[in-house]
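Heads up, the thing below is written out as structure tokens.
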Amino acid sequence: ELKVEQNPLFLSMQEGKNYTIYCNYSTTSDRLYWYRQDPGKSLESLFVLLSNGAVKQEGRLMASLDTKARLSTLHITAAVHDLSATYFCAVDKTSGTYKYIFGTGTRLKVLA
Amino acid sequence: KAGVTQTPRYLIKTRGQQVTLSCSPISGHRSVSWYQQTPGQGLQFLFEYFSETQRNKGNFPGRFSGRQFSNSRSEMNVSTLELGDSALYLCASSLDRERWQFFGPGTRLTVL
């Protein structure tokens, strides 16, 4: 069964600091997604990672994928208040019965 | 370019009724996916339509159904509403198989 675990669930950090959000999944998957959700808002796509060793960066966010460890990380560099949001990872699996599973989300609060 | 639109934005129904939600994708996008977000279950994938065909389906009962029209607009229908169907329903469209998705603002359904 495909399961996705994110940690931490909550993260409060100071502006200017670095931190990493972890996303573990239980079985082989095809794609790894990262999304951002602001309170009361919809989702925004951040990254789609397709292959082992993939690394993508956008501004202060960098996502990487290790398919052997079944682990993706979302690294935040020099956090700013505008990054406060909930971040979700998700994976999908197309072989056999299609599965698309989200992590529980990490609520990030960046303190000024 | 206009974004993904969803109508209605808010909806209140009573148990046993049925509801139809609509999603208009970004022009040229042929894939439309639907998601449910609740405080208890989190984000869950409902189904994906591509060129008027259901391509993938999540683990939801048959009360949840959808369709896609030739102009790529999609509707989802929930029959015999239950209290647990109260949720934010998100629609997303994408252009390609890598599934970089653009999300609509969501429809918040409340079942009384």
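Throughout, a chain's letter reflects where its sequence line sits, starting with A, and its residues are numbered from 1.
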Partner chain A: residue of B/G58, B/G104, B/S33, B/G106 with the largest heavy-atom pair count (under 4.5 Å): B/G104

Crowding at CZ, A/R70 (>12 non-hydrogen neighbours, <6.0 Å): yes

Part of B/L90 lying under 4.5 Å from any heavy atom of chain A: side chain

A/Y35 and B/Q101, any side-chain heavy atoms less than 4.5 Å apart: yes

CD/B/E52: more than 12 non-hydrogen atoms of other groups inside 6.0 Å: yes

Over 12 non-hydrogen atoms of neighbours within 6.0 angstrom of CZ in A/R36: yes

Under 4.5 Å from any heavy atom of chain B - which part of A/D92: side chain

Flag side-chain contact, heavy atom, 4.5 Å: B/L43 against A/L43: yes

Test item: B/F103 and A/Q37 side chains (from C-beta on) under 4.5 Å apart, heavy atoms: no

Close side-chain approach of A/Y33 to B/W100, heavy-atom, < 4.5 Å: no

Nearest atoms (heavy-atom pairs only) where A/F102 meets B/Q44: CD1-N, 4.3 Å

A/F88 with A/L50, same ILVMFWY side-chain cluster at under 4.5 Å: yes

A/F47 versus chain B, the contacting section by heavy-atom distance below 4.5 Å: backbone

Verify same cluster id: B/V32, B/L21 (apolar side-chain graph, 4.5 Å): yes

Distance in Å, B/Y35 OH paired with A/S42 OG, rounded so as to fall on 0.5 Å steps: 10.5 Å

Greater than 12 external heavy atoms within 6.0 Å of B/F60's CZ: yes

Proximity breakdown for A/L49 and chain B, heavy-atom pairs closer than 4.5 Å: neither

Ring centre gap for A/Y98 and B/F45 strictly below 6.0 Å: yes

Heavy-atom neighbours of A/Y22 OH exceed 12 at 6.0 Å: no

Contact origin within B/Q41 toward chain A - heavy atom pairs under 4.5 Å: neither

Gap between atom CG of B/N59 and atom NZ of A/K99 - 0.5 Å precision: 5.5 Å

Crowding at CZ, B/R15 (>12 non-hydrogen neighbours, <6.0 Å): no

Hydrophobic cluster identity match, A/V110 and A/L11, side-chain contacts under 4.5 Å: yes

